[in-house]
Amino acid sequence: MGDNKNFVKEITNIDEDIAQWYTDIVRKAELADYTDTKGCIAIRPYGYAIWENIQNYTDKLFKETGVKNTYFPVLIPESLLQKEKDHVEGFAPEVAWVTEAGGEELEEKLCIRPTSETIFTTMYSKWLSSWRDLPFVYNQWCNVLRWEKETRPFLRSREFLWQEGHTIHETEQEAKERTLQMLEIYKNVAEKLLAIPVITGIKTETEKFAGADATYTIEAMTYDGKALQAGTSHYFGQNFTKPFDVKFQNREGKQEYAYQTSWGISTRLIGAIIMAHGDNRGLKLPPKVAPTQVVIIPIAMHKEGVKEKTEEIYNKLKTKYRMEIDLREQVSPGYKFNDWEMKGVPLRIEIGPRDIEKGECILARRDNNEKITVKIEELEKQIEEILEKIQNDMYEVCKKRIEEKTTIAHNLEEFQANINKEQGFIKAMWCGNAECEAKIKELTSAKSRCIPFNQEHIGDTCVCCGKKAEKMVIWGRQY
RNA sequence: CGGGGCAUAGCGCAGUUGGUAGCGCGCGUGGUUUGGGACCAUGAGGUCGGGGGUUCGAAUCCCUCUGCCCCGACCA
């Protein structure tokens, strides 16, 4: 009482044990919970609302570029999966199979989709005949299943929600442009909606998607300086369209195989929000994606006129912002403050008898604990400005973290020292040889995150073997 | 798949040399409260993760299975 040393008693300290902290947030903020199905979580309303906000924002951007939504089956026959060699080799270990149904063993077993390139491509072969049909720019919002050994809510569960876009095009160039266009949308989602700055670039041969010619990625950094792949966009060339026979008659009247892409973001983004923004008070949500942007808490609710005034303000503002009003009678205001802070609500309005007398109320920011007093008539304008400021400030905090935790290494000794110091990203030159990549991973547990578009010249020799190197690679330990 | 932990009320835990289960929080009800996790009263809630064994008797000892968490290897 009064003494608030037990203030965060229910949440593990983020600096002492971030893994446990993460699990605490997921459960205590009621984002998700473990189920009786191993590795699969139940996403609760508050967590799902975040996903819906991500969906709405992203889907709108997709559609502006001509994406059309579809739905394909969750079951894929084994024969389809087998058609592209690299793809099946990449996914086989983590695929779940349906072998029996209706009390009988199936003639051909069906896999539960880990991703849907094979079935999209199969259907495309039926639907495509002329260059005039192209492009197909289809997407689906769905679930997929990957039999992960080690799971963690949102960041790596066996079943997860995502969107997967699958496109085919008349020309190589058009497909490549689409790949990069979608990556740009993902960067927009991460940075503008989630306030998470990302590094964009291309994956190395070792790290690219099974069956792709090129994999592009957006890479985020977590609170503790680890890397988190937040979205990927792939260019396939004709790798799938050839074995799946996706042909069209081109402008010259000849048969040609289409050029293909795919791209996805998943509920992992919710994990990214938790890991990038959270602190010892709990979850911290950027206003644009927060299911509740403003919570209004009456003080001394039983006093004359307090409840009425609070409801009046709530009713006025709720058409403009995603609002909650906390009228619970059984808990104190202090409890409510902490409760909503743990749930990451960006802005809180406190209003009590003293404020009402003066025609004021208090605005408290979740991101930096700042409290200001504002006139009630200026509330609406103030909220708009502050929410925008919170969104920007949260982005800047993460941006600063990336800058602080990104270091340069010219040799393996520097590399190891830097990564051991505080995780983070390492910028280092690389010769292009997969053996060097493997050696670095072995010695430092860091993998190549990407070859960033934003290249810097930091040397002429490979950080590992010392031979000539032209490309700067971002390295890091990952979630 | 390796290494390490854990499993007792919704959550966090205690339970001694084996004797048939308790505490805190939360929850229900009634009341008093309300400016940073309020209080009083009174209730409800458990085949001690599953199976086997030892024993007159097992939450406790032994075997086994399962699940979860963490650290590695593999992946969105």
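Order of the sequence lines fixes the chain letters, A, B, ..., with proteins taken first and strands second; residue numbering starts at 1 for each chain. Quick note: numbers below take in every heavy atom, side chains included, and nothing from hydrogens, waters or symmetry partners.
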What nucleotide among B/rC69, B/rG35, B/rG36 has an atom nearest to a side-chain atom of A/Tyr34? B/rC69
Could you check whether [X] gets within reach of a base, just the sugar-phosphate, or nothing at all, counting any heavy atom under 4.0 Å?
X        : result
A/Asp17  : nothing
A/Ile362 : base
A/Gly39  : sugar-phosphate
A/Gly352 : base
A/Pro353 : base

Protein-nucleotide distance ([X], atom [atom1]; [N], atom [atom2]), rounded to Å:
X        : N      : atom1 : atom2 : answer
A/Arg328 : B/rG26 : CZ    : C1'   : 13 Å
A/Asp326 : B/rU34 : CG    : C1'   : 12 Å
A/Ile299 : B/rU33 : CD1   : P     : 17 Å
A/Gln330 : B/rC40 : CD    : P     : 17 Å
A/Ile297 : B/rG37 : CD1   : P     : 13 Å
A/Arg348 : B/rG37 : CZ    : P     : 12 Å
A/Asp33  : B/rC68 : CG    : C1'   : 12 Å
A/Gln20  : B/rG5  : CD    : P     : 17 Å

[N] to [M] separation - [atom1] atoms, rounded to the nearest Å:
N      : M      : atom1 : answer
B/rU47 : B/rU8  : C1'   : 13 Å
B/rA38 : B/rG2  : P     : 48 Å
B/rG10 : B/rG50 : P     : 14 Å
B/rU60 : B/rA21 : P     : 14 Å
B/rG45 : B/rG24 : C1'   : 15 Å
B/rC25 : B/rC6  : P     : 27 Å
B/rC27 : B/rG22 : P     : 23 Å
B/rC70 : B/rU64 : P     : 26 Å

Taking a pair as Watson-Crick or G-U wobble with both distances under 3.5 Å, which nucleotide is matched to [N]?
N      : answer
B/rA7  : B/rU66
B/rC1  : B/rG72
B/rG26 : none
B/rC39 : B/rG31

Can a cation-pi geometry be assigned to A/Arg268 and A/Phe160, taking NZ or CZ under 6.0 Å from the six-membered ring centre and within 45° of the ring axis? no
How about A/Tyr138 and A/Tyr124: are their ring centroids closer than 6.0 Å? yes
So, A/Trp263 versus A/Phe62, ring centres under 6.0 angstrom or not?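 So the answer is yes for these two rings.
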Tell me, please, which residues at least two apart from A/Ala190 pass side chain to side chain contact (heavy atoms under 4.5 Å, CB included).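 Applying side chain to side chain contact (heavy atoms under 4.5 Å, CB included) to A/Ala190 gives A/Val198, A/Ile218.
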Check whether any side-chain N or O of A/Ser332 sits under 4.0 Å from OP1 or OP2 of B/rU34, and answer yes or no. no
Between A/Thr23 and B/rC70, does any side-chain N or O lie under 4.0 Å from OP1 or OP2?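 Yes, such a contact exists.
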Does NZ belonging to A/Lys399 count more than 12 external heavy atoms closer than 6.0 Å? no
Which heavy atom of A/Gln140 sits nearest to which heavy atom of A/Phe72, and what is that distance? OE1-N, 2.8 Å
Show the nearest heavy-atom pair for residues A/Gly47 and A/Ile270, with the distance to one decimal. O-CD1, 3.7 Å
Quick one: does A/Lys371 reach the base of B/rG35 with a side-chain donor-acceptor pair under 3.5 Å?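 Per atom types, no contact qualifies.
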What side-chain donor-acceptor pairs closer than 3.5 Å can you find for residues 285-301 of chain A, not counting sequence neighbours?
residue	atom	partner	partner atom	Å
A/Gln293	OE1	A/Arg322	N	2.9
A/Gln293	NE2	A/Pro287	O	3.1

CG of A/Leu228 to CD of A/Glu219, rounded to nearest 0.5 Å, is 8.0 Å
As an exercise, state the distance from NZ of A/Lys421 to CD of A/Gln416, rounded to the nearest 0.5 Å.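 Between A/Lys421 NZ and A/Gln416 CD, I get 15.5 Å after rounding to 0.5 Å.
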Decide, applying a 5.5 Å centre-distance limit and a 30° plane-angle limit (both strict), whether A/His302 stacks on B/rU34. yes
Closest-nucleotide ordering on RNA chain B, the 5'-leading residue of A/Ile351 and A/Cys40: A/Ile351
Nearest-nucleotide 5' precedence on RNA chain B, A/Arg27 against A/Ala364: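 Looking at the nearest nucleotide for each, A/Arg27 comes out on the 5' side.
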Would you mind building the protein contact string for nucleotides 71-76 of chain B? One character per nucleotide, 5' to 3', B for base within reach (heavy atoms under 4.0 Å), S for sugar-phosphate only, - for untouched. BBBSBB
